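Since we're looking at a predicted model, the values are computed, not measured. Note that ligands are numbered from 1 as they come in the structure, with each ligand's atoms numbered from 1 the same way.
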Amino acid sequence: MAPTTNKKLLNWVAEIEKMCTPEKVVWCDGSTEEYDRLMAEMVASGAAIKLNEKKRPNSFAFNSAPSDVARVENRTYIASVKQEDAGPTNNWIDPVELKKIMTKLYTGCMKGRTMYVIPFSMGPIGSPIAKNAIEITDSPYVVVNMHIMTRVSTEVLRLIEKEDYFIPCLHSVGSPLEPGQEDSRWPCAPIEEKYIAHFPEENLIWSYGSGYGGNALLGKKCLALRIASAMAGREGWMAEHMLILRLINPEGKKFHIAAAFPSACGKTNLAMLKSTVPGWNVETIGDDIAWMKPGKDGRLYAINPEAGFFGVAPGTSADSNPMALASCSKDAIFTNVVVTADKDVWWEDMGVECEGGTDWLNRPWKPGMKDEKGNKIKGAHPNSRFTARAEHCPIICPDWEDPKGVPIDIFVFGGKRANTIPLVHEAFDFEQGVYMGATASSEPTAAALDVDAKLRFDPFAMTPFIGYHAGDYIQHWFDMGEKLGDKAPRCFYVNWFRKTADGKWLWPGFGENSRVLKWMCDRVEGKVEARETPIGLMPIDGDLTLKDLDISAEDWAELMKVDTDLFKATLEDAKEYLAKLGDKLPAKLTQQLNALEARLAKH
Ligand code: GTP
Ligand code: SPV
Ligand code: MN
């Protein structure tokens, strides 16, 4: 019996069941019993590995198919009614056409499988800013991950009944089973059959063929960013690819910072920063997504719509991110890491020795193993991930679930740049801040397949997640600035990734980034002045403390250097990139561009 009386929901579930023809339908309730039952089933089928209960209590490891390891941007679509509404940064297919293609794929696609109906909320259940949704999926792996990443509960059904509204999210791994056919460990469809589709006018999500991360956990990138950004643009709020943290200074003053870095560029790390500045402490609110609305006092309030972290595993160590390690010390799911001989997990740069075990491709593996060409074989995939409960983060902010959200004082933009961009600079004003965010650029990472190996412009780290025209999206940022006026957050741009000519990091990064955040807070409080440069405001020597850091005067000079020639070159690239926005290029952006060009010309 379906646990709801809502006609809209019952009709939709019946319609999908008819199209996908699963063996059975299971309504999920988000309970521990449900989680344990599904995990036990997946361990029995061989899809999951139960980890050592003593070392990693209640935790499981999965290995995906080698072709299904990250987001697939080339297979991701914004199917708005008019192509111009999707803009130049999105793939587009006419929604009628796309539904035809996908209906064909969906027909009979759940044969031999269970269809799970997951009621979930993005944001604290029942809060005015939260969204109620249903994900239908034929992947039990998706169900258990949704348990951690979102709030799965029958309470959501009560809200759907009351409001007669939900966001429908349909997902299938696209791998029907014939009678007697043995299932694979990680069912999925070939790349050319994968579609991650969004119908923004209907607030509808259809995903087919992938079981991995943002392709399949539809609350995350599909709902909380692509659909939500389109809603936010229409309704006057913001849905951003941003971490949220609270920084408390020695006097107990709280600052709230939201930072946008592209995928695998340090959001999880910064969100859980262990401050190295005495007396300054960080509390984590979110590590990937921020929903922000102006409050009654005119300030911008942010919530984290998620309930867990889907974090990059490689590089996570007791040195780089002890809080992330603690968050996944129990009740966690690991995907595409090494399972050691004693059934714990390991990944590259975890900071501990590994004797060997099974790699992400399920092969026997030892550190130092090389392929035929003599290249080291990595045990964990570069985009391997842990799924961890936010509540297990030792420094989770006591207010992280406050439906009011936290008032944002500071926006930070950034990316991975080996040169050109200094460690930190501040915008003269909000409009220049929008320019900085809109022209942010980064070198590629492993978080998405099929991204060019060259520098990419990535406005607000949102390129793969803007659910509408990027020009309208940037204009929305200017509009929000106007609405917020002098209460708008102060804007900064950082680059932790600048390198020496011989390829070494110039900045130690990680916990030491707290020094940069402290300077930002001191700026907001008016405690320190800044020096004017053509690109923005920069620290006066001594204000950004380098005490006890082993960093030479030359390296510091290089880190803070504004190389006007390199900047001019980046500006030319930015112009070329922005030209793609056509007549949707905001006039204010052009003004900023011209003003920067004029300032650079004087140097
Ligand atoms: P998504 O979850 O994909 O959106 O990414 P994210 O921005 O949360 O990425 P994450 O924090 O997991 O960053 C992963 C990569 O950034 C790893 O390779 C880290 O080692 C590296 N990283 C993070 N912070 C720093 C830093 O301060 N300095 C340096 N050099 N590397 C960093
Ligand atoms: C990202 O790629 O930005 C992620 C991982 O946060 S995923 O959820 O797979 O999109
Ligand atoms: Mn992300």
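- Ligand 1 has no nitrogen or oxygen under 3.5 angstrom from a nitrogen or oxygen of F497.
- Using a 4.0 Å cutoff on heavy atoms, H241 counts as a contact of ligand 1.
- For ligand 2 and H241, the ligand atoms under 4.0 Å from any heavy atom of the residue are 3 (O).
- A heavy-atom separation below 4.0 Å is not found between S320 and ligand 1.
- Residue contacts with ligand 1: K221 is placed with no nitrogen or oxygen under 3.5 Å of a nitrogen or oxygen of the ligand (distance criterion only).
- With the Mn ion (ligand 3) as vertex, D288 OD1 and H241 NE2 subtend 90°, rounded to 10°.
- We find that D287 and K267 are not joined by a salt bridge, their nearest charged nitrogen and carboxylate oxygen being 4.0 Å or further apart.
- Short contacts between ligand 1 and P262, defined as distances under 4.0 Å to a heavy atom of the residue, involve ligand atoms 7 (O).
- Contact annotation: A461 has no heavy atom less than 4.0 Å from any atom of ligand 1.
- Any N or O atom pair closer than 3.5 Å counts here, and G266 shares at least one such pair with ligand 1.
- Considering backbone and side-chain N/O of D288, one or more are found under 3.5 Å from N/O of ligand 1.
- Residue contacts with ligand 2 include R385, since one of its heavy atoms falls under 4.0 Å from the ligand.
- Backbone and side-chain nitrogen or oxygen atoms of W496 are examined, and none is located within less than 3.5 angstrom of a nitrogen or oxygen of ligand 1.
- Defined by atom type and a distance below 3.5 Å, a donor-acceptor pair is missing between the side-chain atoms of N281 and R246.
- The proximity of D288 to ligand 2, defined as any non-hydrogen pair under 4.0 Å, is limited to the side chain.
- Ligand 1 has at least one atom lying under 4.0 Å from a heavy atom of C265.
- The N/O atoms of G315, backbone and side chain alike, include none that comes under 3.5 Å of an N/O atom in ligand 1.
- At a cut-off of 2.8 Å, K221 is counted among the residues with an N, O or S atom near the Mn ion (ligand 3).
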